[in-house]
Amino acid sequence: MSRRFRNSWYTSLCGRNSSRHSSKLYASKEANRLSLRQLVFFGRSMDEEKLIKSANYVRTELPVRIAHRLMDLQALPYVVVTQEGVAQVYELYWSAFEKFRRYPQVTTLKENEAFCDFLESILDEHAPVIPSLSLGLSLSSPHLPPDSLDAFMRRMLVSRISRRVLAEHHLALSKSLGTNSLNLPEDPHVGIIYTALNLRHSIDKCVTLLRGRTHDIKDEIGECVPNRGWPEVIVDGHVDTKFSYIREHLEYIIFELLKNAMASTELNHRCSSSLPPIRATIVVGENDVGVRISDQGGGLSSARIKSPSDLFSFSHIRNATRMDDTRLGALRTASSRGVKATVAEQIRPWQTEQSNVNSNDKDPEREAGIAPHPKIGLGLPMSNIFTTYFGGTLELVSLDGWGTDVYLRLPKLGTNLEGIEL
């Protein structure tokens with residue numbers, strides 16, 4: 001070991017030890033959990049004073065939430081913390097914690113602009129967190145019991161969602177200062193929360209995006225399924241339903257569920273002359289909104305998946321596909337690019353691919369053998385995390401040999417607190 005490296009390592013270690021005490025102090029604090037209603041109420045009629053309060057709330061709350069997850073990471077077995085992916089996340093969290101801890105109080109709109117730039121840089125830096133965690137925990141699966149692994153991943157991902165919600169909500173409030181976005185006729189909203197979100201419109205939007213993509217469904221042995229278009233999606237029930245929710249979360253969930261339903265329908269009916277429709281039924285209850293998505297894709301159970309709920313698991317014991325070489329390779333690729341878990345992020349490669357086809361340009365990534373949207377196994381787990389974040393439920397019911405019914409329930413009153421586990 002060279003003297004220069006030893007000095008650098010020693011300086012880093014001393015700095016890390018000194019900040020470790022600070023992280024424990026922050027982790028001893030309770031996170032101030034919020035509800036959608038609280039976020040909307042505070043964001044109404046935004047003015048300079050309220051915006052400055054919002055900035056300082058985010059500035060002081062995020063390091064508390066990060067500190068709790070640092071404690072989680074430090075409690076993992078050494079063999080897990082040093083795994084590929086997990087170590088990267090650990091360093092990202094330490095760096096973010098130190099930056100937030102040292103960030104000065106925001107007192108003016110000019111300082112808030114700088115703080116918004118800081119938030120956006122942190123969001124970009126943490127784009128690799130989801131695939132890196134999934135990669136690291138998949139590789140660590142032999143060293144952790146399934147319940148412990150899944151509980152850890154849930155805490156990490158829910159906390160990550162909560163931090164992004166607070167940061168992106170403040171960014172949206174800052175951009176809307178001086179305007180009344182609640183009076184917009186089409187999409188009234190406060191920050192990132194849409195107060196009259198039309199569920200039918202969101203489903204139709206996801207269907208349109210999915211039906212507009214390139215047809216590239218492959219069977220179990222990698223052979224392409226004949227292109228006969230995409231199955232029709234029939235929307236029925238309480239189709240005029242509107243409620244307050246984070247549109248980005250809702251549409252990610254719907255998009256993933258419909259994407260899976262379309263793919264399984266194509267595969268199950270590859271030899272049929274026509275494709276049966278998928279049905280999305282909307283139902284409004286007293287306290288919640290429900291969507292049932294029914295397909296005839298043959299069901300979910302297989303030799304590698306014993307229970308539908310195992311598709312939410314990050315453990316190879318429950319979901320053997322976690323250790324597939326192709327899955328791990330796709331996660332490594334995604335870790336280098338980052339994954340924010342949004343619909344826009346998923347359709348961007350499809351749009352780029354279609355644009356290249358129209359212009360006869362070659363896609364350098366496809367030429368290099370990299371699929372534009374590799375399967376990384378995060379769609380259903382992240383949909384479940386988004387659903388339960390504000391107290392909803394997502395249930396998969398497999399009718400083996402026929403199809404799948406998916407039951408999505410979301411609270412409509414906005415009074416449920418964030419589902420952060422400390």
Side-chain angles (χ1 to χ4, degrees), residues 202-236 251-282 290-314 318-322 324 326-327 330 341 343 346-347 349-350 371-387 393-408:
S202 289
I203 294 174
D204 287 343
K205 173 184 173 181
C206 292
V207 171
T208 299
L209 292 172
L210 286 164
R211 290 177 65 87
R213 61 185 163 146
T214 303
H215 191 283
D216 62 347
I217 302 297
K218 296 181 180 180
D219 61 19
E220 297 81 359
I221 60 175
E223 294 187 359
C224 291
V225 174
N227 182 3
R228 290 167 299 158
W230 297 104
E232 179 188 4
V233 178
I234 299 171
V235 184
D236 59 14
E251 292 182 354
Y252 180 88
I253 298 165
I254 297 294
F255 185 88
E256 283 296 332
L257 298 180
L258 288 174
K259 182 174 69 173
N260 289 338
M262 286 183 173
S264 60
T265 300
E266 290 271 355
L267 285 170
N268 196 45
H269 296 271
R270 73 192 83 175
C271 299
S272 303
S273 59
S274 61
L275 297 173
I278 296 165
R279 187 174 296 274
T281 303
I282 302 170
V291 180
R292 181 188 65 194
I293 297 178
S294 301
D295 66 57
Q296 297 178 39
L300 299 172
S301 297
S302 67
R304 310 182 76 185
I305 301 293
K306 302 303 181 185
S307 170
S309 61
D310 288 345
L311 291 168
F312 298 147
S313 177
F314 290 88
R318 291 175 174 160
N319 185 348
T321 64
R322 293 289 169 200
D324 286 353
T326 53
R327 175 70 55 81
V343 172
Q346 292 207 54
I347 66 173
W350 303 343
H373 40 90
K375 294 180 179 180
I376 57 178
L378 293 176
L380 278 176
M382 286 305 301
S383 295
N384 189 46
I385 296 292
F386 278 128
T387 300
T393 59
L394 182 61
E395 181 183 6
L396 311 178
V397 178
S398 179
L399 307 174
D400 295 340
W402 180 260
T404 303
D405 284 349
V406 180
Y407 295 89
L408 170 66

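Throughout, numbering of the chain's residues begins at 1 and tracks the sequence.
Closest of all the heavy-atom pairs between I278 and P231 is CD1-CG, 3.9 Å. Contact between P381 and L311 at its shortest, heavy atoms only, is CG-O, 3.6 Å. Taking both residues in full, the closest heavy atoms of S294 and D405 are given as OG-OD1, 2.8 Å, listed atom of the first, atom of the second, then distance. The minimum heavy-atom distance linking I234 with P277 is given by the pair CD1-CB, 3.9 Å. Closest heavy-atom contact between C206 and L258: CB-CD1, 4.2 Å.
Under a 3.5 Å cut-off, the side chain of N268 and the backbone N or O of Q296 do form a donor-acceptor pair. A distance-only check finds a donor-acceptor pair linking the side chain of R322 to the backbone of G377 [under 3.5 Å].
Here the side chains of M382 and E256 are not in contact, with every heavy-atom distance at 4.5 Å or above. Residues L408 and I293 form no side-chain contact, since every pair of their non-hydrogen atoms from C-beta on lies 4.5 Å or further apart. Counting only heavy atoms from C-beta outward, the side chains of I254 and S202 never approach each other to under 4.5 Å. Residues V397 and P308 have side chains not in contact (no heavy-atom distance under 4.5 Å, counting atoms from C-beta outward). When side chains are defined from C-beta on, F255 counts as touching L210, because their heavy atoms get closer than 4.5 Å. Looking only at side-chain heavy atoms (C-beta outward), V233 and M262 come within less than 4.5 Å of each other. Residues V207 and W230 form no side-chain contact, since every pair of their non-hydrogen atoms from C-beta on lies 4.5 Å or further apart. Counting heavy atoms from C-beta on, the side chains of L380 and F312 come closer than 4.5 Å.
Put simply, OG1 on T265 and CG on N260 are 10.5 Å apart, with the number rounded to the nearest 0.5 Å. Taking OG1 of T387 as the reference point, atom OH of Y252 lies at 10.5 Å (rounded to 0.5 Å).
In this structure D310 satisfies the side chain to side chain contact (heavy atoms under 4.5 Å, CB included) test together with I305, K306, S307, R318, sequence neighbours excluded. With sequence neighbours excluded, the residues forming a side chain to side chain contact (heavy atoms under 4.5 Å, CB included) with T404 are D295, L300, V406, listed by chain and number. Under the side chain to side chain contact (heavy atoms under 4.5 Å, CB included) criterion, S272 pairs with R228, H269, sequence neighbours left out. Annotation: salt bridge (charged side-chain N to carboxylate O under 4.0 Å, His left out) contacts of D400 (sequence neighbours excluded): none. In this structure E251 satisfies the salt bridge (charged side-chain N to carboxylate O under 4.0 Å, His left out) test together with K205, sequence neighbours excluded. Under the rule for a side chain to side chain contact (heavy atoms under 4.5 Å, CB included), the partners of T281 that lie at least two apart in sequence or sit in another chain are D236, R279, V283, R292.
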Quiz item: Where do I347 and R213 land on the side chain to side chain contact (heavy atoms under 4.5 Å, CB included) test, with the steps shown first?
Solution: CA-CA 8 Å; I347 66 173; R213 61 185 163 146; over 6 Å; no
